[in-house]
> 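So that we are looking at the same thing, I have put the structure below in structure tokens.
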Amino acid sequence: MPDISILTTITPNHYLVLSACLFMIGVAGVLLRRNLIVLFMSIELMLNAVNLSFVTFSHSFGKVDGQVMVFFVMTIAAAEAAVGLALAVSIFKRFKEVNIRFFEHLKG
Amino acid sequence: MTADAFLFWFLAALTIVSALSVVLMTNPIYSALSLAMTMVSVAAIFVTLQAYFLAGVQIIVYAGAVMVLFVMVLMLFDLKHELQAFTRGRFSGAFKIASIGSLAGLLVGAMYTANVLTVPEAASVANTTPKGAITPLAEELFLRNVFGFEALGVLLLVIAVGTVALSRSKGGTHARH
């Protein structure tokens with residue numbers, strides 16, 4: 001009979017592996033998609049994965065430093081989404097499309 | 001199987017499936033809804049890790065504010081279909097997927113060989129303050145990290161002004177000639 005304790009006993013390693021999977025899905029989205037909005041969503045996925053590992057370490061070490069860092073990451077994420085979407089709006093006003101191939105035409 | 005193990009596997013499956021559908025859906029509005037689902041399930045995972053306040057903040061900030069921003073911009077654009085959702089090139093696509101897979105294998109392998117997480121359970125048991133209490137979090141945030149907190153406030157103000165200026169600008173990078 002195979003050992004099933006990896007299924008029945010949840011260690012912090014499980015949470016970290018879940019966080020790594022979530023981060024990799026975000027990386028895949030950034031590399032593979034061409035829509036700017038979906039790119040931002042993938043970046044949010046990666047930030048969520050990092051938050052998850054911060055909370056896991058905070059739980060397993062019994063300290064709240066990691067949770068404070070999660071607050072900071074959430075603030076940065078909201079600011080990044082606001083600026084990115086404003087840039088997307090200004091791209092859309094010019095090209096009527098948010099595909100990232102139009103970013104080749106950026107000029108000062 | 002105990003209840004918390006079942007809960008973890010259920011939430012992990014929900015998170016992975018909804019995160020995959022963010023990347024794989026070709027209609028961006030479905031991607032946005034899947035992202036909201038991912039945020040909610042990550043908040044539930046925070047509850048299982050006894051970070052109750054963070055779970056609430058996650059739902060309010062991410063599943064509330066950020067998702068409203070995304071969905072509003074999507075409706076402003078009125079993107080019905082996407083002609084080219086994924087990157088071109090069969091070879092470069094295979095190369096990207098292979099690099100993602102090798103990076104994932106590297107991370108997971110590093111976690112299992114390091115095995116950092118079996119040791120500090122005793123330390124967390126020895127902690128006298130109750131888990132999930134809000135007082136230690138507030139003390140950490142407002143006493144020891146108050147400079148970072150204020151700096152983030154200034155950053156948010158700058159971002160708000162910059163966003164309004166950026167969206168109101170007639171000229172700039174993409175002025176019509």
Side-chain angles (χ1 to χ4, degrees), chain A residues 7-18 20-22 24-25 27-29 31-35 37-38 41-42 44-45 48 52 55-56 58-62 64-65 67-68 70-72 74-75 77-79 81-83 85-94 98-99 106-108, chain B residues 1-2 4-5 8 12 15-16 19-20 22-23 28 31-32 35 38-39 42 45-46 49-51 54 57 61 65-66 69-70 73-74 77 82 84-87 93 96 100 103-104 107-108 111 117 120-121 123-124 127 136-137 140-141 145 148 152 155-156 159 162-163 166-167 172-174:
Chain A
L7 290 178
T8 53
T9 309
I10 302 300
T11 60
N13 258 334
H14 287 78
Y15 287 98
L16 284 190
V17 171
L18 174 66
C21 293
L22 210 56
M24 284 310 137
I25 293 170
V27 173
L31 285 181
L32 294 175
R33 293 304 295 265
R34 310 220 20 144
N35 190 331
I37 313 283
V38 183
M41 290 181 199
S42 306
E44 298 290 332
L45 271 185
N48 257 289
L52 181 55
V55 174
T56 306
S58 157
H59 176 71
S60 65
F61 285 95
V64 290
D65 306 50
Q67 302 195 9
V68 171
V70 171
F71 272 111
F72 291 167
M74 278 181 183
T75 316
V83 172
L85 289 173
L87 274 174
V89 168
S90 75
I91 294 283
F92 183 80
K93 273 197 253 175
R94 173 70 176 79
V98 284
N99 203 307
L106 282 179
K107 59 178 189 286
Chain B
M1 184 178 280
T2 56
D4 57 340
F8 171 77
T15 310
I16 294 294
L20 272 178
V22 171
V23 175
S31 292
L35 186 63
T38 313
M39 300 302 180
V42 168
I45 291 176
F46 284 175
L49 286 170
Q50 293 172 327
L54 273 186
V57 170
V61 171
V66 174
L69 205 61
F70 273 113
V73 170
L74 278 177
F77 291 168
E82 241 185 321
Q84 193 189 350
F86 293 91
T87 49
K96 282 168 188 168
I100 293 161
L103 188 54
L107 271 179
V108 174
M111 274 165 213
L117 297 160
E121 279 298 325
S124 67
N127 197 1
L137 189 59
E140 185 73 26
L141 185 61
N145 288 304
L152 273 179
L155 176 78
L156 276 183
I159 291 288
T163 306
L166 196 59
S167 57
T173 56
H174 289 88

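Quick caveat, the model's predicted, so the values are computed rather than measured. Each chain gets a letter, A, B and so on, in the order its sequence line appears, and its residues count up from 1.
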> Among all residues two or more places apart in sequence or in another chain, which pass the side-chain contact (heavy atoms from CB on, under 4.5 Å) test with A:Val70?
A:Asn51, A:Phe54, A:Val55, A:Met74, B:Leu54
> B:Leu35 versus chain A, heavy atoms under 4.5 Å apart: side chain, backbone, both or neither?
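Contact with chain A: side chain only.
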> Name the region of B:Leu156, side chain, backbone, both or neither, that has any atom closer than 4.5 Å to a heavy atom of chain A.
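Only the side chain of B:Leu156 comes within 4.5 Å of chain A.
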> Checking A:Thr11 against A:His14: is there a side-chain donor and acceptor pair closer than 3.5 Å?
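Present: a donor and an acceptor within the cut-off.
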> Between A:Val38 and B:Pro28, which heavy-atom pair has the shortest distance, and what is it?
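Shortest heavy-atom contact: CG2-CB, 4.4 Å.
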> Pair A:Phe92, B:Val73 - check side chain to side chain contact (heavy atoms under 4.5 Å, CB included), show working.
CA-CA 10 Å; A:Phe92 183 80; B:Val73 170; over 6 Å; no
> So for B:Val108, is it side chain, backbone, both, or neither that comes closer than 4.5 Å to the heavy atoms of chain A?
side chain
> Could you give me the CA-CA distance, side-chain angles and deciding distance for A:Leu85 and A:Ile37, then say whether side chain to side chain contact (heavy atoms under 4.5 Å, CB included) is met?
CA-CA 8 Å; A:Leu85 289 173; A:Ile37 313 283; 3.7 Å; yes
> Looking only at heavy atoms and a cut-off of under 4.5 Å, which of B:Leu141, B:Val66, B:Ile16, B:Leu137 has the most pairs with chain A?
B:Leu137
> Can you tell me which of A:Leu18, A:Val83, A:Ile10 forms the most heavy-atom pairs within a distance under 4.5 Å of chain B?
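Among A:Leu18, A:Val83, A:Ile10, the one with the most close pairs to chain B is A:Ile10.
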> Look at B:Leu155, B:Val61, B:Val57 and state which one has the largest set of heavy-atom pairs under 4.5 Å with chain A.
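Heavy-atom pair counts peak at B:Val57.
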> Kindly determine whether B:Val22 and A:Glu44 satisfy side chain to side chain contact (heavy atoms under 4.5 Å, CB included), including the steps that lead there.
CA-CA 11 Å; B:Val22 171; A:Glu44 298 290 332; over 6 Å; no
> So for B:Ser31, is it side chain, backbone, both, or neither that comes closer than 4.5 Å to the heavy atoms of chain A?
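Its backbone and side chain both get close to chain A.
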> Can you check whether B:Phe77 reaches A:Val89 side chain to side chain, under 4.5 Å on heavy atoms?
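Counting from C-beta outward, B:Phe77 and A:Val89 do come under 4.5 Å.
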> Which residues pass the side-chain contact (heavy atoms from CB on, under 4.5 Å) test with A:Ala86, not counting sequence neighbours?
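A:Ala86: side-chain contact (heavy atoms from CB on, under 4.5 Å) contacts with B:Thr163, B:Leu166.
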> Is it the side chain or the backbone of B:Ala104 that comes within 4.5 Å of chain A heavy atoms, both, or neither?
both
> Please flag which part of B:Phe70 lies under 4.5 Å from any non-hydrogen atom of chain A: side chain, backbone, both or neither.
both
> Only pairs of heavy atoms separated by less than 4.5 Å count here; which of A:Leu45, A:Asn48, A:Val17, A:Leu22 has the most with chain B?
A:Asn48
> Side chain, backbone, both or neither: which part of B:Leu49 has a non-hydrogen atom closer than 4.5 Å to chain A?
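Interface part for B:Leu49: both.
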